[in-house]
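Data first, discussion second: the structure below is written as structure tokens.
Both ligands and their constituent atoms are indexed starting at 1 by order of listing.
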Amino acid sequence: MAFMEWKDSYSVGVKEIDKQHKTLVDMINTLHQALLDKKGLETQKPIIDGMVQYAVDHFATEEKYMVRFKYANYATHKEEHVKFIQKAVDLKKVSDSKGFIVTISIINFLKDWLNNHILVTDQQYAKCFQDNGLK
Ligand code: FEO
């Protein structure tokens, strides 16, 4: 069983975004597996770098639609994205400078954040996006 399982309740009803969320879940699982396998920094670092870049790209996708559809909660949603990216960049900086090895508490943070953000904050734009023709 994977560390983090995709559930239908995560779906926002937009294929492009669901696909991106699934990829983020896969990345967390890959990072978790690397930890279980006691893989070193040379394995973990590219996964972390890839995840940070993918999250940035994913947030840009959502924000593009929020702006296009004049989504009412755009500012507060974007604020959550900015905070996550800051945390991810901090993680990456430590990794770059100290040969940091990812711990289970950090992976749990990533999992909990993604769970809460997709299940609560992202669900709030689902109707707006769908009403504007995304599916
Ligand atoms: Fe799917 Fe708002 O991040």
Q: Nearest 10° is fine: what angle sits at atom 1 (Fe) of ligand 1 between OE2 from E62 and OD2 from D122?
A: 90°

Q. What's the atom name of the N, O or S in H58 nearest to atom 1 (Fe) of ligand 1?
A. NE2

Q: Flag the pair H21 / H117 as yes when their ring centroid distance falls below 6.0 Å, and as no otherwise.
A: no

(Q) Any salt bridge linking D18 with K22? Criterion: basic side-chain nitrogen under 4.0 Å from a carboxylate oxygen. (A) no

Q: Measure from atom 1 (Fe) of ligand 1 to each N, O or S atom of H117 and report whether any distance is below 2.8 Å.
A: no

(Q) Are Y65 and Y71 an aromatic pair, judged by ring center distance below 6.0 Å? (A) no

Q. For atom 2 (Fe) of ligand 1, which N, O or S atom of H77 is at the shortest distance?
A. NE2

Q) Has the side chain of K111 got a donor or acceptor atom that lies under 3.5 Å from a matching backbone atom of F3? A) yes

Q: Quick one: report the N, O or S atom of H21 that is nearest to atom 1 (Fe) of ligand 1.
A: NE2

**Q.** K83, NZ atom: more than 12 neighbouring heavy atoms under 6.0 Å
**A.** no

